[in-house]
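Below, chains carry the letters A, B, ... as their sequence lines are ordered, and counting in each starts from 1. From a predicted model like this one, the values you see are computed outputs, not experimental measurements. All values below were derived from every heavy atom in this structure, side-chain atoms included, with hydrogens, water molecules and symmetry-related copies excluded.
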Amino acid sequence: MARLLTPRATFVGGRSMADAQLVELLTAALEAARQAGELPDCDVEIRLEQPPDPKMGDFSCNIAMVLAKPAGRAPREVARIILDRLPECSVLDRVEIAGPGFINFHLSPTWLQDTVREVLVRGEQYGHSTEGEGRRVQIEFISANPVGPLHVGNARGGPYGDALASLLEAVGYDVEREYLVNDGPDNTQFRLFGASVQARVRELLGLSAHMPEDGYKGDYVIEYARRLIYDHGDGLGEIAEDEDGFYEFAILGQELVVAEIRETCEMLGVEFDVWFSERELFERGKIDAKIDELWGRGVLYDKDGALWLRTTDYGDEEDRVLVRQSGAKTYLMTDLAYADNKFARGFEHLIYVWGPDHAAQVPSVKAGMAAAGVDPEATEFIVHQIVRLTEGGEVVRMSKRRGTIVTLRELLEDVGRDATRFFLLSRSIDSHLDFDLELARKESDENPVYYVQYAHARISSILREARGRGFATDDLLEADLSLLAHPDELRLMRWMADYPAQVADAAEQRAPHRPAHLSRDLAATFHQFYGTCRVIDEEAPELSRARLALVGATGVVLRNVLGLLGVGAPEQM
RNA sequence: GCGCCCGUAGCUCAGUGGAUAAGAGCAACGGACUUCGGAUCCGUAGGUCGGGGGUUCGAAUCCUCCCGGGCGCGCCA
């Protein structure tokens with residue numbers, strides 16, 4: 001997978017202020033040690049993390065262990081060298097060497113309290129960074145063939161692509177979401193769909209009909225046929241039953257299909273910036289132009305009446321056909337022309353999110369792009385694994401006939417947008433996903449999405465209650481945050497301080513399931529705080545104000561993390 | 001046959017080469033409300049990280065072989 005992001009050491013925006021400060025201190029110490037000849041001159045990534053136990057400090061760095069080998073010294077010895085060169089800093093309470101060679105930083109409590117302030121000031125921008133420097137990235141996802149409604153099988157790519165786009169936006173990229181409508185004249189499946197629609201239309205008109213052997217025989221095609229007759233009249237029966245006729249019907253049907261898909265995406269909360277028509281590539285002559293260019297590169301040859309691309313020269317197992325004997329172009333051909341079009345629109349990096357059924361074509365598309373002169377680093381292919389629906393531990397076979405869920409729309413109508421998105425996003429994209437319908441329907445503590453949303457509703461409720469009892473909630477920044485010293489308060493603040501780094505990591509790893517886990521974790525941390533720390537207490541107004549600031553900040557971060565997922569943060573439930 | 005993905009607690013899954021301590025949720029068991037939302041919290045129990053070998057100061061994580069499961073392998077997309 002191409003590395004889009006630079007190493008974290010060079011990047012400050014995604015860190016809390018304390019985190020960034022420590023990196024500066026460490027960089028200075030390393031530099032000093034190098035100049036003194038105590039450490040070798042080599043590139044290292046300074047990475048700070050939270051130790052497993054707060055007693056070990058607020059931040060921990062493994063740099064001494066990383067440098068042990070090149071320095072030819074024991075890790076703890078390296079740590080000592082770095083420590084001796086570490087500049088003085090007011091934020092540092094104490095620094096110690098621990099375990100095999102970790103450098104642990106204990107910070108003065110004010111830095112955590114500053115985090116609360118930072119969250120309140122930055123609001124929905126908290127956790128965001130500028131590392132992407134506005135570079136233009138495009139994510140193409142779902143892009144199901146326009147031959148029927150979106151299926152549960154396509155469902156995973158939607159929330160994934162959308163949430164990944166949000167993550168990349170959060171770290172400063174300029175991201176566009178795109179859906180490719182495969183309505184090209186040479187798309188065999190699309191023509192087959194057209195022939196199927198025509199057969200249904202003719203049946204309804206009482207004419208002779210020829211449903212193709214491997215045609216689209218689902219009932220929904222009959223619905224399309226009915227709509228088309230209603231919209232266009234009996235004249236549809238006069239369209240010839242030949243290739244041109246099939247395509248004509250495909251285009252007619254496609255308008256209905258795409259409208260339906262758009263509606264489903266809207267229900268899912270996915271908004272595409274561009275719906276790109278493959279047909280336009282053909283109509284604007286982009287395909288033929290691409291073929292000419294490839295001839296010029298010397299990567300094409302004719303064989304068996306077809307036109308082949310020498311992908312084997314670029315790592316593929318066998319050469320691939322670009323133009324079939326019939327003269328029709330293959331998907332690879334249009335993919336290459338389409339990629340040109342994307343780069344011409346100014347994107348520096350292209351991300352393709354594909355279903356598991358497309359996994360096998362990744363190597364040939366990569367090789368094809370290399371043959372066409374595309375920088376391999378500029379494209380990235382992410383293949384997600386399948387989704388199974390389960391209910392009460394049993395796998396639900398998706399079947400129209402049995403009345404079980406088939407379409408994404410039905411799933412959304414059953415469990416709602418928030419549960420659909422949260423469940424689909426909560427697993428690593430590399431893993432198969434079992435979607436437990438029964439659990440997703442539950443409005444109880446067993447359902448993780450309600451657990452997280454409940455935390456937000458509770459926060460809203462506390463703030464409402466506080467206002468009702470005469471506390472102002474619009475001047476939280478003026479609270480005396482130094483009063484926040486309870487272990488559960490510190491834990492909550494520490495969690496929020498780490499959040500920007502977590503977002504940066506999730507974006508770098510293309511892992512929207514991490515914010516899903518983070519949201520659960522933040523909710524739990526908050527609930528725990530709530531259990532031990534009474535927020536509203538008229539007897540202690542100053543402490544109440546400080547805690548209201550902490551609660552408000554938690555609400556901000558919870559909204560932000562749910563925002564990455566596209567899951568709602570309700571004020572009440 | 002070849003390729004990709006997975007195998008971690010009863011179930012569903014996190015885990016980015018690091019800490020005498022492999023984590024969540026659900027399920028099970030035992031506790032906690034005169035007060036801010038109990039859709040909550042606290043605790044107990046539950047593991048040969050599929051198995052063998054290797055690399056490393058250090059491996060659930062990297063390499064390799066084997067076992068088990070999923071998906072894919074068209075001049076369809």
Side-chain angles (χ1 to χ4, degrees), chain A residues 8 47 49 51-53 56 60 62 65-66 68-69 74-75 98-102 104 143-145 147 182 184 186-192 214 303-308 317 320-326 328-332 334-335 354-363 383-386 388 390 393 426-436 439 442-448 450-451 453-455 457-466 468-469 505-506 508-509 511 513-514 516-517 520-521 523-524 526-537 544 547-548 551 572-573:
Chain A
R8 287 184 57 207
R47 201 175 181 114
E49 54 194 9
D53 188 325
M56 296 169 171
S60 172
N62 71 343
M65 278 125 82
V66 175
K69 189 150 207 169
F102 288 100
N104 287 352
S143 297
N145 258 340
V147 296
N182 283 103
D186 289 358
N187 179 336
T188 312
Q189 292 301 317
F190 190 51
R191 279 177 184 272
L192 193 58
D214 47 358
K303 193 183 90 181
D304 304 332
L307 184 65
W308 295 72
E317 288 175 347
R320 304 289 167 177
V321 170
L322 291 184
V323 183
R324 297 172 219 149
Q325 268 180 345
S326 65
K329 280 77 177 178
T330 62
Y331 72 83
L332 180 59
T334 51
D335 274 350
W354 283 352
D357 49 335
H358 290 247
Q361 71 184 253
V362 170
V383 176
H384 68 255
Q385 298 297 313
I386 59 160
R388 288 190 314 182
T390 65
S426 61
R427 302 286 176 248
S428 156
I429 201 69
D430 290 332
S431 292
H432 303 168
L433 186 147
D434 284 332
F435 192 113
D436 188 338
L439 183 59
K442 277 189 186 163
E443 302 195 2
S444 75
D445 53 346
E446 292 165 57
N447 188 337
Y450 282 93
Y451 179 87
Q453 292 185 320
Y454 178 69
R458 182 179 244 181
I459 286 168
S460 304
S461 168
I462 293 168
L463 295 174
R464 273 195 304 271
E465 178 70 19
R469 296 203 204 173
D505 279 355
E508 182 175 356
Q509 290 166 31
H513 71 280
R514 300 188 62 160
H517 287 271
R520 221 268 157 213
D521 201 43
F526 174 74
H527 284 312
Q528 194 185 1
F529 152 80
Y530 178 86
T532 54
C533 298
R534 173 147 195 104
V535 179
I536 304 170
D537 183 357
S544 296
R547 286 184 169 164
L548 284 169
V551 169
Q572 49 195 332
M573 298 169 71

- Message: Go nucleotide by nucleotide along RNA chain B from the 5' end; which of Val323(A) and Ala524(A) gets its closest nucleotide reached first?
- Response: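 Its nearest nucleotide lies further toward 5', so the answer is Ala524(A).
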- Select one nucleotide: of C75(B), U40(B), A77(B), the one nearest the side-chain heavy atoms of Asn182(A).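 Closest of the options to the side chain of Asn182(A): A77(B).
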- From the options C36(B), G18(B), G72(B), select the nucleotide whose nearest atom is closest to the side chain of Asp357(A).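 Looking only at heavy atoms from C-beta outward on Asp357(A), the closest nucleotide is G72(B).
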Round to the nearest Å and state the distance from [X] atom [atom1] to [N] atom [atom2].
X	N	atom1	atom2	value
Arg469(A)	U35(B)	CZ	P	11 Å
Gln361(A)	A77(B)	CD	C1'	7 Å
Tyr450(A)	A39(B)	OH	P	14 Å
Asp505(A)	G15(B)	CG	P	12 Å
Gln509(A)	A14(B)	CD	C1'	12 Å

Sequence-distant partners of [X], ring-ring contact (aromatic ring centres under 6.0 Å, His included), two or more places apart:
X	value
Tyr451(A)	His527(A)
Tyr530(A)	none
Phe102(A)	none

- Query: Hey, is Phe102(A) stacking on A19(B)? Ring centres under 5.5 Å, planes under 30°.
  - Reply: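 Yes; centroid distance and tilt both under limits.
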Main-chain N/O of [Y] paired to [X] side chain as donor or acceptor, under 3.5 Å:
X	Y	answer
Trp354(A)	Ala359(A)	no
Gln325(A)	Asp304(A)	yes
Asn104(A)	Ser60(A)	no

- Return one dot-bracket line describing RNA chain B 5' to 3' (Watson-Crick or G-U wobble pairs, both distances under 3.5 Å; ( ) same strand, [ ] crossing, | another strand, . none). (((((((..((((....[....)))).(((((.......))))).....(((((..]....))))))))))))....
- Query: Closer than 4.0 Å, any side-chain N/O of Arg191(A) to the OP1 or OP2 of C76(B)?
  - Reply: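 It does not, given that no N or O in the side chain of Arg191(A) lies less than 4.0 Å from OP1 or OP2 of C76(B).
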- Using only side-chain N and O atoms of His513(A), determine if any of them is under 4.0 Å from OP1 or OP2 of G15(B).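 So the side chain of His513(A) is within the cut-off, an N or O lying under 4.0 Å from OP1 or OP2 of G15(B).
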Protein and nucleotides 4-12 of chain B: nitrogen or oxygen contacts under 3.5 angstrom:
| residue | atom | partner | partner atom | Å |
| --- | --- | --- | --- | --- |
| C5(B) | O2' | Asp430(A) | O | 2.2 |
| U12(B) | O2' | Arg427(A) | NH2 | 2.9 |

- Message: Under 3.5 Å, is there any donor-acceptor pair linking the side chain of Asn62(A) to the base of A19(B)?
- Response: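 Between A19(B) and Asn62(A), which were checked side chain against base, a qualifying N/O pair under 3.5 Å is absent.
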- Task: Scan nucleotides 21-31 of chain B nucleotide by nucleotide, 5' to 3', and note B when protein non-hydrogen atoms come under 4.0 Å of the base, S if they reach only the sugar-phosphate, - if neither.
- Result: B---SSS----
